[in-house]
Each structure stands twice: as C-alpha cells, then as structure tokens.
Amino acid sequence: MSEPSSSSTPSDFDQFYTATAKRLVAAVYAATGDLAEAEDAVQEAYARAWQRWDRLTAEGDPTPWVRTVALRLAVSSWRRARNRMRAHFRHGPPPDLPDLAPDRVALIHALRGLKPEQRAAVVLHHLLDLPIEQVARETGVSSGAVRTRLSRARKTLGSHLADADADAGAVANAEAPAPHPPAPHPPTCRPKGVPSHG
C-alpha cells in the first residue's frame with residue numbers, strides 16, 4: 001500500500017479514523033445486517049482512503065467518500081455472499097452476535113427485508129441524518145429517486161415492524177403461565193341423623 005505524501009500526517013488520518021469509524025461501522029451494519037461484513041468493508045474503505053489521503057483532504061471532508069466506498073463494498077460483498085448465507089442458515093443458527101436490544105434486532109431484521117438500494121437510502125438519511133440531496137450524490141441517483149426509495153422502504157419497514165410487534169405479543173402471551181382454575185370448595189359435610197334409642 002502506498003503512503004500519502006509528507007504534506008499529510010499520520011495523526012490527521014488517525015484522528016479522522018477515531019472520530020468516524022465507529023459510526024460508519026454501525027451504519028454499514030444497519031445496511032447489511034452482517035457485523036463482520038460491515039467491519040471488513042469499513043476497514044477496506046479506510047485503507048483506500050489512506051492511499052488517497054492528500055487528494056481527499058484537499059477536496060474537503062473525506063467522510064462521504066469513505067462512507068460511499070464502504071457501503072458499495074459491503075453491498076457488493078453481500079450480493080456475492082447471499083447464496084452462501086442461505087446455505088449456512090440451513091445448517092443451523094448463525095454464531096452469537098453481541099447482545100442487542102430487542103428493538104434493534106427487530107430493526108436489523110426489518111432492514112434485511114428491503115432492497116439494497118432502499119436499505120442504503122434509509123441508513124444514509126435516517127440513521128446518519130444526511131439530507132436527501134447528499135444521499136442522492138452518494139448513491140448516484142436523483143433526489144426524486146431517493147424520495148421514492150425512502151417512501152417504499154418506510155412502508156415495508158412499517159409492515160415488518162408491525163408484524164414483529166404482533167409476533168412478540170403472541171410469544172409473550174404463549175409464554176405467560178396459564179391461570180390456575182379456582183380451587184374446588186371442600187365438600188360440605190352434613191351430619192346424618194343419629195337414630196335415637198329409646
């Protein structure tokens with residue numbers, strides 16, 4: 001890997017990496033649903049940024065460039081791995097991931113149900129708070145196309161998340177202990193008439 005020229009310093013890149021890497025991994029993970037793929041794509045994007053560091057910093061903020069590269073790498077890798085993943089799921093559950101809150105698990109699952117271009121639009125706009133115009137620039141489509149993707153994605157997500165809530169309610173009801181029937185009253189003993197002797 002070639003290094004940047006002497007006009008940029010390693011500490012500039014280190015500061016940039018420290019300030020942006022964690023959020024970028026979270027965004028790519030949300031877009032792909034695969035933490036290992038997200039981490040790999042982000043590391044590769046930063047490695048490529050390091051090779052072009054002088055040019056990227058001369059053009060302004062390198063964050064959009066790194067984010068675009070990471071998302072493209074992750075989506076490309078995800079498409080290639082889709083069939084392999086299906087095969088792995090047939091052989092048992094995936095390895096344990098770090099504990100996530102149930103609402104985050106539901107969101108990641110719902111995001112997996114979107115088309116890749118819709119998923120990228122949702123992550124960039126809603127999770128990274130980028131304006132629609134910037135999402136359009138980073139994904140190479142018009143602002144109208146981004147709005148369409150976001151609208152369709154919101155409908156799909158709403159349906160998936162509503163189903164997840166309904167499923168969670170059904171599971172909670174199924175796991176709740178059944179109410180105990182009221183205890184039967186003990187039989188009432190009535191003394192029988194005692195014959196009188198006389």
Side-chain angles (χ1 to χ4, degrees), residues 1-89 91-101 103-131 134-141 146 149 153:
M1 170 178 3
S2 62
E3 293 190 1
S5 71
S6 58
S7 63
S8 65
T9 65
S11 65
D12 292 339
F13 181 82
D14 291 345
Q15 289 172 359
F16 170 72
Y17 179 86
T18 301
T20 59
K22 186 174 181 181
R23 189 168 187 217
L24 184 53
V25 169
V28 177
Y29 173 50
T32 63
D34 186 321
L35 184 58
E37 286 292 334
E39 291 170 341
D40 289 347
V42 168
Q43 290 303 316
E44 177 63 22
Y46 280 108
R48 293 182 186 187
W50 171 248
Q51 294 172 344
R52 300 163 177 78
W53 189 241
D54 283 341
R55 194 180 83 223
L56 290 175
T57 54
E59 293 171 358
D61 182 11
T63 305
W65 187 91
V66 175
R67 182 172 48 239
T68 300
V69 170
L71 284 168
R72 286 181 181 163
L73 288 167
V75 168
S76 173
S77 176
W78 178 78
R79 285 177 177 153
R80 286 192 310 269
R82 188 172 13 189
N83 289 335
R84 287 197 316 264
M85 287 172 44
R86 287 180 181 153
H88 288 304
F89 285 132
H91 298 292
D96 290 339
L97 293 175
D99 289 339
L100 295 173
D103 59 338
R104 285 196 177 191
V105 172
L107 177 61
I108 295 296
H109 182 71
L111 284 169
R112 286 180 182 166
L114 297 177
K115 294 178 180 177
E117 62 273 9
Q118 291 175 347
R119 193 178 318 127
V122 167
V123 168
L124 292 172
H125 183 64
H126 290 293
L127 299 183
L128 294 180
D129 298 321
L130 298 182
Q134 187 169 353
V135 174
R137 281 192 304 273
E138 292 192 20
T139 57
V141 297
V146 172
R149 289 174 181 180

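Heavy atoms only: backbone and side chains are in, while hydrogens, waters and symmetry mates are out.
Between the CG atom of L127 and the OH atom of Y29 there is a distance of 12.5 Å, given to the nearest 0.5 Å. Atom-to-atom distance recorded for L73:CG and D40:CG is 10.0 Å, nearest 0.5 angstrom. Here the CH2-CG distance, from W53 to D12, works out to 7.0 Å after rounding to the nearest 0.5 Å. The structure places CD of E59 at 11.0 Å from CZ of R52, a figure rounded to the nearest 0.5 Å. The line from CD of E138 to CZ of R72 is 9.0 Å long, rounded to the nearest 0.5 Å. The line from CG of L130 to OG1 of T139 is 10.5 Å long, rounded to the nearest 0.5 Å.
No side-chain heavy atom of F16 sits less than 4.5 Å from a side-chain heavy atom of T57. V146 has its side chain out of reach of L124: every pair of non-hydrogen atoms, C-beta onward, lies at least 4.5 Å apart.
Residues satisfying the side-chain contact (heavy atoms from CB on, under 4.5 Å) test with Q43, not counting sequence neighbours, are Y17.
For the pair L111 and A30, the tightest heavy-atom approach, listed with the atom from each and the gap, is CD1-O, 3.2 Å. Considering every non-hydrogen atom in both L114 and R119, the closest pair reads O-NH2, 2.8 Å. Pairing each heavy atom of A74 with each of T32, the nearest pair is CB-CG2, 3.5 Å. In terms of heavy atoms, A49 sits closest to V66 at CB-CG2, 3.6 Å.
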Apply side-chain hydrogen bond (donor to acceptor under 3.5 Å, both in side chains) to T63 and D61, showing your working. CA-CA 6 Å; T63 305; D61 182 11; 2.8 Å; yes
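No donor-acceptor distance shorter than 3.5 angstrom exists from the side chain of R149 to the backbone of A121, with no hydrogens or angles considered.
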